[in-house]
Amino acid sequence: MRISTTSGGQLLALAACFFPSCIAAGAYDRPSSFIPGRYIVEFEEENSSSHTFFSTLSENAIAATPLITLDYSLFKGASFNLHDAGNERANVEKIRSLPSVKSVQAVRSYPLPKSSGYASGQFPPLSSATAQGSLDKIPDTLSTHVMTGVDKLHADGFSGNGFKIAVVDTGIDYNHPALGGCFGEGCKVAFGKDLVGDDYTGTNTPVPGDDPMDCVGHGTHVAGIIAANSAAPSFTGVSPNATLGIYRVFGCTGSTADDVLIQAFMMAHDEGADIITASVGSSSGWSEEPWAVAVSRIVEAGVPCTLAVGNDGETGVFVASAAATGHGVTAVASVDNAVNPVLFKNASWSADNTTSKPFGWIPYIPADIPNGTYPVFDILQGNNDTSITCQDNFTIPKIPGKIALVPWVGGCTIGAGLVELVAAAGSKYIMYYSDTPAGVAGIGNGTGYGIDSFGMVDSTVASQWTKLLAAGTEVSLNMINPSQENYYVVSTANNATGGYLSYFSSWGPTFEAEVKPQIAAPGGSILSTYPLSMGGYKIDTGTSMATPFVAGSIALLLEARGKLDPATINNLLSASAEVKAFNDGESTLSYLAPVAQQGGGLLNVYDAVHAVGILNISSISFNDTEYFTKSVSFEIKNTGKESITYDLDYVSTGTVYTLPSDGITVPSPFSPGSPPEIVSSSAKISLSSDSVTIKGGESATVEVTATLPTDLTASRIPVYGGYITLNSTSESLSLPYLGVAAKLKDTTIFDTRDNMTYVSRYLNVSAIPDNWAFTLPPQHSSDEEIKNYDFPVPFSSNAFGTRILRVDLIPAGSNSTAKTTEVLGERIVGSIDPFPVYEQGRGQWHSFWYGNLSDGSYAPAGEYNILFRALKIFGDENSGDDYEVVKSVKFSIAYASSNTTTASTRRSVDFKA
């Protein structure tokens, strides 16, 4: 085993969606939410058809609009919108009862993938000088490839040749010369489809097409990590000879949805993809979400699927994203690059027309500066105090034709006000300077401020200019338009976090104590391709970048070892990975990173290719204390011809506490320099043998027994873990294990300690007092009619996940005439629309309520409480005792007549927490 070591949100959360477009359907302040009225159905019989299904709905007087037909080998079904929202819940139950229907699920939306990188300038298509490079025997020195053994496999002649890798993302700019320059048969990007169209936002109707061009950039970056072959800057993808497919699931803005994602994965599978990858997801923690289930089905059928575990590591433990949560799916965490690469363009400068000296600059958007020589003007005019730019009386003299030199220090020096001040002074060009240009996440799109070119230089260069200018020397920049210059890369060592887990990478396990992620790969500060219209290349960061890296690595693994099933691939990658020390985002500590953060560790695909011993599992879960699996066996197969002896032992990664020590029920956040609490106490592991000798071609079984520690605080949900180590004279393998030293069923779901589950008003986000009276808009009101009313807003901050979340209305007044039904031991008038909802992760949510219930009816005027109920982990959904319950204060509702309008409007409201 290789072990690497060294010595007031409530207001913001609610106010975020308080505007008219959110009103009609309610909203969730979570990465994913349910799309109102949209459902996906799977048919029971293989010979069932969408035509027959929708005919049956029509015969049953259920008005539904077909959206996507899902007629694939592993999934037969369709998605649809229900028109008659007044009977939506009843109609769903009627559909669910049809003999031809296997399941009906509400459709979720998934946001555009988040990443962090500086925006490159907008340039015309690259010149022929940057055309596709060759795969000559030039040593692969790309840092991420060296970190993972990819460089060695390239040297041995493996390049992914013959493998089809399907990318599910925002599209690909296939015109990019580093990605082949074309789309279709015979091209590098050879197959795929646009499933949605440019105008798709995730909630409207997809308009498919045949051109999967990328208008966002994310998919093009992902594609380059897998298979780019770039000459300037010079680098290749992990599998540069692989054939790419692209299934575009995002429009130019917005989100995507379950039905589109399932369609993309099923289409890629049926069209013969050898590997499918998606850097898409939402904080989940559950394996039962429809998309996760569909991806798991593809994996079970023999096609490996790599999914990003997510970028929510700062929120603590138990935040793995769907569909990375799916059974058998390869969930990928991120490791920071060993270097900080920066993309530069060439230019030169001179003082008083002396000999020119070269310098590099980073172009941003826009970066349209004509070829020529431009005098430099220091906006500080020799003053070392950058704060003067924040003063109201700060001025800039007229500087037409000059480049304004501006410090990048945050605050007002980067705001639109300063940019407009520069523009008013007559300059069309800004050159920022910074001590760490690689660390600048992005100036953003500066279009619209009257500036034609934004760029950045290192402060060491800028300081030479400012000193000369202060002494009265004229400094001029000899600029070349970025479209006429190739990029070059300057890399500096990342001594703080390079080679260790990225602080943003999401932590597992799942809410059912399954090990996620499986593996980690380089995802922090990654150079790759970008759409030509957006600059052609970009340095970007996220598990979005790590995930395609693993997909390309799997192609190399299969090319070298031959056909393998997805489980064996995971087993090989995990066992051969390099277990990393814990890095808190600022420095590396003396103990190992928890399994919940890194899975098997940093990918080493070269060692995976050459591994002699193959384990039959990729990890062990001992579950929680209620369902504690005390003993687990695993098998080692010797695929070599000679006998091999492994010395067996284990190393603990200690225990990470999910919750802080002061009784707070919300998991501890993780920020650079401030990680969750990790203690040394952990489970004791016993092995059936301390050594095992296996003849060539034979296997041996090892039993692993865990004994839980007695000095951990169960109420804080301790997650322990470590690695079984298998060391021989020729190789070192490891097997991650994990468990929860608490009864997960006892975990608090609602944040009750801080009273964060309550009913608020639309016009004030604070909890309502007892006996508050609401006058609701007339039933079935339009958005325009609704906007002038105050109405209830059920709100909760869920500290933990729940498989079923109910928000039920119960009568409070003794004179209530509302009809009730007993559900889970409580008499309820009905469920607040759109509840119940399923497979909920951690996070805040709220839902605007106008009296409408999930069965399509409206609650009669009267007095009520709202009953929040969350199914406990491992709970029985049919037992009321297995739900955590919070009851709201009493309030009353009445409905205004259709010609009545309340006096207050939202524009007059002062939001108060």
Side-chain angles (χ1 to χ4, degrees), residues 117-125 215-217 252-253 343-345 347 349 359-383 385-434 437 440-459 461-462 465-466 469 474-485 530-536 538:
Y118 62 78
S120 30
Q122 280 185 311
F123 312 136
C215 58
V216 176
C252 296
T253 60
L343 284 166
F344 284 103
K345 294 279 183 171
W349 68 277
F359 75 95
W361 67 291
I362 303 171
Y364 290 97
I365 297 174
D368 187 16
I369 186 168
N371 295 351
T373 300
Y374 301 86
V376 174
F377 178 80
D378 175 14
I379 68 165
L380 298 179
Q381 300 184 68
N383 195 323
D385 182 9
T386 59
S387 67
I388 66 171
T389 60
C390 302
Q391 298 173 7
D392 292 338
N393 62 353
F394 181 71
T395 60
I396 299 175
K398 294 295 181 180
I399 51 172
K402 294 186 177 182
I403 294 176
L405 191 62
V406 179
W408 177 279
V409 292
C412 60
T413 62
I414 60 173
L418 183 62
V419 172
E420 290 169 347
L421 198 60
V422 171
S427 174
K428 293 182 177 295
Y429 316 111
I430 287 180
M431 189 70 78
Y432 290 104
Y433 59 92
S434 168
V440 177
I443 293 173
N445 193 325
T447 303
Y449 294 114
I451 302 295
D452 290 342
S453 179
F454 290 87
M456 179 169 285
V457 295
D458 190 278
S459 60
V461 176
W465 301 343
T466 57
L469 291 167
E474 181 179 88
V475 175
S476 297
L477 306 188
N478 307 308
M479 302 299 295
I480 303 174
N481 188 278
S483 65
Q484 300 175 20
E485 272 288 309
Y530 216 56
L532 296 176
S533 63
M534 301 178 190
K538 187 178 182 182

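On a predicted model such as this, the values are computed, not experimentally measured, just so you know.
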Look at atom CG of N393 and say whether more than 12 heavy atoms of other residues, nucleotides or ligands are closer to it than 6.0 Å.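 Enclosed.
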Exercise: identify the closest heavy-atom pair between [X] and [Y]:
| X | Y | answer |
| --- | --- | --- |
| G401 | P375 | O-CD, 3.7 Å |
| D368 | P370 | O-CD, 3.8 Å |
| I379 | A404 | CG2-CB, 4.1 Å |
| I396 | I399 | CG2-CD1, 4.0 Å |
| A367 | S453 | CA-OG, 3.7 Å |
| M479 | I403 | CG-CD1, 4.1 Å |

Hey, does [Y] have a side-chain heavy atom less than 4.5 Å from the side chain of [X]?
| X | Y | value |
| --- | --- | --- |
| K345 | I480 | no |
| Y374 | S476 | no |
| W361 | V461 | no |
| M431 | V376 | no |

Gap between atom [atom2] of [Y] and atom [atom1] of [X] - 0.5 Å precision:
| X | Y | atom1 | atom2 | value |
| --- | --- | --- | --- | --- |
| W408 | Y432 | CH2 | OH | 6.5 Å |
| F394 | L418 | CZ | CG | 6.5 Å |
| L405 | Y433 | CG | OH | 5.5 Å |
| T395 | L421 | OG1 | CG | 7.5 Å |
| F359 | D458 | CZ | CG | 12.0 Å |

Indicate yes or no for a side-chain donor-acceptor contact from N481 to the backbone of I369 under 3.5 Å, with no hydrogens or angles considered.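 Yes, N481 side chain to I369 backbone: donor-acceptor pair under 3.5 Å.
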Side-chain polar contacts of residues 423-430 - donor-acceptor pairs under 3.5 angstrom, sequence neighbours left out - could you list them?
| residue | atom | partner | partner atom | Å |
| --- | --- | --- | --- | --- |
| S427 | OG | K402 | O | 2.7 |
| S427 | OG | Y429 | N | 3.2 |
| S427 | OG | Y429 | O | 3.0 |

